[in-house]
Amino acid sequence: MTATTLLLLAHPAAPPPSGLTISAQAGIAPTGDLELCFDLAGAIDALRIPPLAAPEACDGLWQHTCCEAFIRERGSSAYREFNFSPSRQWAAYNFPDYRQRDPDWQPPAAPEIRVTRTATGLRLDARVPAALLPPAPAWQLGLSLVAEATTGDLSYWALAHGSERPDFHHPASFVLDLSRS
């Protein structure tokens, strides 16, 4: 994937472990799939990282260390949310409008998740099949991450924070523009 590396910012209402940095990349593959990469570096030992599990759909992943992507057609209020756990479990949701989840929407495909852990960091690569994405030539993305400290405290990271409380669904969080070739 050829993409610019972007730093995620911790929300000031939930301070992260000292020394932790998080960056992300996003790009569109020739197949139309969305390719994402999240790099956690620094104070990785201060985090609870879920152990590897079967790569399957699972709700509630955001309650622990979890990478997230929100994607919408440029200018639309409808969007999709994707959660990627370092366990390799995932979730996909459809929202016709701000925080109005469509309970009947079923993901027609599953994302692929690869996790690489080193002594100083963790890298999560996710590939979201085109079948899961909104059918649009141009998108706006919000990339984010929930980091669970070993103390159980959560910090919330995003490209942009649009409210006083952490809220990855907030329209101001969709700041990365991507277009299909």
- Query: After noting the C-alpha distance and the side-chain angles of Leu145 and Leu40, does the key distance pass the side chain to side chain contact (heavy atoms under 4.5 Å, CB included) rule?
  - Reply: CA-CA 10 Å; Leu145 183 138; Leu40 291 72; 3.8 Å; yes
- Query: Under 4.5 Å between any side-chain heavy atoms of Trp105 and Arg80, yes or no?
  - Reply: yes
- Looking at side-chain heavy atoms only, is the closest gap between Ile22 and Asp39 below 4.5 Å? no
- Task: Output the distance between atom CG (Asp104) and atom CG (Asn94), rounded to the nearest 0.5 Å.
- Result: 10.5 Å
- Validation row: Ile71, Leu34 side chains within 4.5 angstrom (heavy atoms): yes
- Query: Would a 4.5 Å heavy-atom cut-off, applied to side chains only, mark Leu176 and Trp139 as touching?
  - Reply: no
- So do the side chains of Thr116 and Leu122 get within less than 4.5 Å of each other, counting heavy atoms only? no
- Item | Tyr156-Phe38 co-clustered via ILVMFWY side chain contacts under 4.5 Å | no
- Item | Nearest heavy atoms of Ala147 and Leu47, plus distance in Å | CB-CD2, 3.9 Å
- Here the pair of heavy atoms bringing Ser155 nearest to Pro17 is OG-CD, 4.2 Å
- So Leu52 and Ser87, side chain to side chain contact (heavy atoms under 4.5 Å, CB included) or not? Walk me through it. CA-CA 4 Å; Leu52 287 179; Ser87 70; 5.9 Å; no
- Query: Are any of the side-chain nitrogens in Asp125 or Arg127 under 4.0 Å away from the carboxylate oxygens of its partner?
  - Reply: no
- Message: According to a hydrophobic-cluster definition based on side-chain heavy atoms being under 4.5 Å apart (Ile, Leu, Val, Met, Phe, Trp, Tyr only), do Leu20 and Phe168 belong together?
- Response: no
Side-chain atoms of residues 7-15: list all donor-acceptor pairs with protein atoms under 3.5 Å, sequence neighbours left out, distances to 0.1 Å.
from	atom 1	to	atom 2	distance (Å)
His11	ND1	Ala13	N	3.0
His11	NE2	Ser163	O	3.0
His11	NE2	Glu164	O	3.4

- Query: Would a 4.5 Å heavy-atom cut-off, applied to side chains only, mark Trp157 and Ser144 as touching?
  - Reply: no
- When rounded to the nearest 0.5 Å, the distance separating CG of Asn83 from CD of Gln63 is 10.5 Å
- In Å, rounded to the nearest 0.5 Å, how long is the span from CG of Leu178 to CD of Glu35? 11.0 Å
- Yes or no on side chain to side chain contact (heavy atoms under 4.5 Å, CB included) for Asp167 and Arg99, after CA distance, side-chain angles and deciding distance? CA-CA 10 Å; Asp167 181 2; Arg99 289 196 172 272; 2.9 Å; yes
- Query: Linking I/L/V/M/F/W/Y whenever their side-chain heavy atoms sit closer than 4.5 Å, directly or via other members, would Ile49 and Ile113 fall into one cluster?
  - Reply: yes
- Where at least one partner belongs to residues 46-83, residue pairs that pass ring-ring contact (aromatic ring centres under 6.0 Å, His included), sequence neighbours excluded: Phe70-His169, Tyr79-Phe95, Tyr79-His169, Tyr79-Phe174
- Message: I want to check something: taking the side chain as every heavy atom from C-beta on, are Arg74 and Asp177 in contact at a cut-off of under 4.5 Å?
- Response: yes
- Query: Would Leu6 and Leu36 show up in the same hydrophobic cluster when neighbours are defined by side-chain heavy atoms closer than 4.5 Å?
  - Reply: yes
- Message: Is it the case that over 12 heavy atoms from other parts of the model lie below 6.0 angstrom from the CZ atom of Arg165?
- Response: no
- Item | Which atom of Ala54 lies closest to which atom of Gln89, heavy atoms considered | O-CG, 3.6 Å
- Message: Within the 4.5 Å heavy-atom criterion, are Val115 and Arg88 side-chain neighbours or not?
- Response: yes
- Message: Please say yes or no: joined through hydrophobic side-chain contacts below 4.5 Å, possibly via intermediate residues, are Leu133 and Trp90 part of one cluster?
- Response: yes
